[in-house]
Amino acid sequence: MSEKQKIINIAVIAHVDAGKSTLVDAFLNQSGVFRANQEVAECVMDSDDIERERGITIYSKNCSVMHGDVKINIVDTPGHADFSSEVERIMKTVDTVILLVDSSEGPMPQTRFVLQKSLEQGLNPILLINKIDKKDARIDEVVDEVYELFMELDANDKQLDFPILYGIARQGIVVRDPADAMGVEVMTEQGVKVSKNTAGGQRGLDITPLFETIIEHCEAYPDRRNEPLQMQVSTLGYDDYIGRLGIGRITRGCVHKGETVSVTKADGSVVKRKVNQVFVYRGMKRSEVDEAECGDIVVLAGIPDIFIGETVCAEDAPEAMEMIHIEEPTLSMNFMVNKSPFAGKVGKYVTSRHIRERLRKELEVNVGLTVEETESTDSFKVSGRGELHLSILIENMRREGYELAVSRPEVIYRRDEAGRKLEPVEQVIISVPDQYSGAVINDMNLRKGSMVAMQSKDGYTRLEYLAPTRGLMGYRSEFINETRGEGTMVRRFDRFEPYKGEIPQRTNGVAIAQEEGVATPYALFNIGERVQMFVEPGTRVYEGMIVGMNSRDNDMVVNPCKEKKASNMRAAGSDEAIRLSPARTFTLEEALEFINDDELVEVVPDDIRLRKKLLKELDRRRAGR
């Protein structure tokens, strides 16, 4: 038998914005994946439109590089807590993880989560302190904080003996000693020193120390080619030409193109299926092969009913691996058929059948999501990890041509053994300029948050809270306004705790359109004295649509379509140009945060509107009684 190829699988894990995708760029750039003259976008692995627009990773993705005779499969993972199910399911497919930590922020809430999952799998991480060129870098303190985090998570002696590297990922530099990267700067034409942004390294420095550490720290996958095939599916893909794809690591044996295999299902049953095609990763591309061997991450085509967690085995030796356990959702909202007066004018898919099929399709690849039928045939209860997790699904549906209405997110409660009501509580880390800290502390207290830690340094106050998810809904936009955009807030689900009691909702009422028509400047000018407007002149509105926020706490019915009465008597200067304040526009997340329980967000391909659940004023009055 020929000598087995040396294969090491690694995952890059970190909190959001620590530089994971940028480090993967450096891996690809410095291993010759791209041609010398090839134009390559930054964060090349973030290929989805929404990932590019928002600058975040949403889906975990695979690529591979060669270093000498070793093939290194790399998994780029999301850093946002809402997509942690993407991280949980790939941990079984890797041999080690590179833990990225920002040199000034230190370990953040999501760092704790992803590290905990890797330690539970028995992996021995490599620590990379990134962004060491920051002015406020505190490298030694951050290393100490990481050691403390490892000990809190009960790491064993081998895991605590982790190698430490230092890097500037956006310039493709990793060093064993921070002093080696001092002064990595170039002169611009104006004579100003700036860091050069290149994944290819500079001044003779590159990521070779990281390659060497991976190979020293992690043994290549053992040769188990003579054993029966076993491979667990950790990710699903889809190809328009060859259908559903099962992606995972072969733990033993080999898989061949055209062979018949046994697939062990979640319920314990075993079915026989044929593998039509086998792909492996070479650079960023999938390459078809006749045979793939143990240790490699492969893509199998031809099994139309494959699901995440199922095991592909040799035909005569079915042996299931333990199913992948995903933490339960904490937030739910109702997806409804759009029944507004403007329904069906823009979208291609508007019926409950369309929405049901799309949600079923999403369930196949999005394991952190659950969908339940409700008493109404036009409504579905969709549960996920957080507002961003659910809003990304809604945004994708909107871009695909779906129309729907969604309700305010609600937390999912549980009961303990004693029958007490439990609710999800999140760890919140806030950093704000000192002058705003008092207002933020007051807000968090009103929202039933309990302070865990507080420290002030260099004009900034860092606050750590445990706060119920219910209280944090709708707070982000208020927080941005209160801190003039200078504060940062990161959250992640921590645990379930006893119910915290009533928490005040939005204090302002809304302005509701009285009739269907087109908004006029004259009407908006008069309404705008008491209302912050959400619509511009020329916007089509309908009865029950929310057109602004009232300055008081009650809802107010207004007529944004009223026109100025024409008369043959005019006073000089009475028709000067009307000046309107700019209308407030909402992103999907902001709209979901803003609405109350009796309101909905209407999502159509070209617009996002806010509306009351009951459109008629008389119906709302009856319900209010």
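Atoms considered below: every heavy atom in the structure, side chains included; atoms not considered: hydrogens, waters and symmetry mates. Given the structure is predicted, the values throughout are model-derived calculations rather than measurements.
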Atom pair [atom1] ([X]) and [atom2] ([Y]), whose distance is rounded to the nearest 0.5 Å:
| X | Y | atom1 | atom2 | value |
| --- | --- | --- | --- | --- |
| Ser383 | Glu410 | OG | CD | 9.5 Å |
| His217 | Ile10 | NE2 | CD1 | 11.0 Å |
| Glu395 | Arg399 | CD | CZ | 4.5 Å |
| Leu165 | Leu128 | CG | CG | 6.0 Å |
| Ile392 | Asn396 | CD1 | CG | 7.0 Å |
| Glu590 | Thr587 | CD | OG1 | 3.5 Å |

Say whether, by atom type as modelled, one donor and one acceptor occur between the side chain of [X] and the main chain of [Y] under 3.5 angstrom.
| X | Y | answer |
| --- | --- | --- |
| Asn156 | Lys158 | yes |
| Gln159 | Pro125 | no |
| Arg138 | Ser104 | yes |
| Arg447 | Leu472 | no |
| Asn550 | Asn508 | no |
| Arg414 | Pro424 | no |
| Thr22 | Ala169 | no |
| Ser103 | Ile129 | no |
| Arg611 | Lys613 | yes |
| Asp434 | Thr461 | yes |

Which pair of heavy atoms, one from [X] and one from [Y], lies closest together, and at what distance?
| X | Y | result |
| --- | --- | --- |
| Ile13 | Val97 | CD1-CG2, 3.8 Å |
| Leu160 | Tyr147 | O-CE2, 3.6 Å |
| Gly487 | Thr483 | N-OG1, 3.3 Å |
| Val428 | Ala467 | CG2-CB, 4.3 Å |
| Leu600 | Ala405 | CD1-CB, 4.3 Å |
| Met489 | Phe479 | CB-CE2, 3.8 Å |

Does the pair Glu423/Lys448 count as a salt bridge with the N-to-O cut at 4.0 Å?
-> no
Handout entry: Carboxylate-amine/guanidinium proximity below 4.0 Å for Arg176 and Glu212
Key = yes
Given the options Val535, Val601, Val510, Leu610 meets side-chain contact (heavy atoms from CB on, under 4.5 Å) only with Val601
Open item on the list: Within the 3.5 Å criterion, strictly below it, is a donor on Thr96 or Asn124 matched to an acceptor on the partner's side chain?
Closed with: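 The answer is no; no qualifying pair exists.
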Below 4.5 Å, heavy atoms only, C-beta onward: do [X] and [Y] meet side chain to side chain?
| X | Y | result |
| --- | --- | --- |
| Phe335 | Val406 | yes |
| Val411 | Met473 | yes |
| Leu422 | Pro498 | yes |
| Glu145 | Val101 | no |
| Arg420 | Arg415 | no |
| Thr488 | Glu105 | no |
| Leu115 | Phe150 | yes |
| Leu210 | Ile98 | yes |

Notebook entry, point to check: Hey, mind stepping through Gln427 and Glu464 against side-chain contact (heavy atoms from CB on, under 4.5 Å) and telling me if it holds?
Noted result: CA-CA 7 Å; Gln427 182 187 11; Glu464 192 173 328; 3.1 Å; yes
- Query: Mind checking whether Phe534 and Phe594 have parallel, tilted or perpendicular rings, split at 30° and 60°?
  - Reply: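 Perpendicular: the ring planes of Phe534 and Phe594 meet at over 60°.
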- Message: Please check if the number of heavy atoms outside Arg530 that lie under 6.0 Å from its CZ is greater than 12.
- Response: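 Counting other residues, nucleotides and ligands, CZ of Arg530 stays at 12 neighbours or fewer.
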Within a reach of under 6.0 Å around CG of Asp140, are more than 12 heavy atoms found that belong to other residues, nucleotides or ligands? no
* Given the rule in the side-chain contact (heavy atoms from CB on, under 4.5 Å) test, do Glu486 and Val432 qualify, once you have shown the distances and angles that lead to the verdict? -> CA-CA 7 Å; Glu486 293 182 61; Val432 291; over 6 Å; no
- Quick one: do Met444 and Ile430 satisfy side-chain contact (heavy atoms from CB on, under 4.5 Å)? Show the steps, please. CA-CA 11 Å; Met444 293 302 289; Ile430 294 169; 4.2 Å; yes
Review point. Leu369 and Leu390: side-chain contact (heavy atoms from CB on, under 4.5 Å), yes or no, with the steps?
Key: CA-CA 8 Å; Leu369 201 74; Leu390 294 169; 3.8 Å; yes
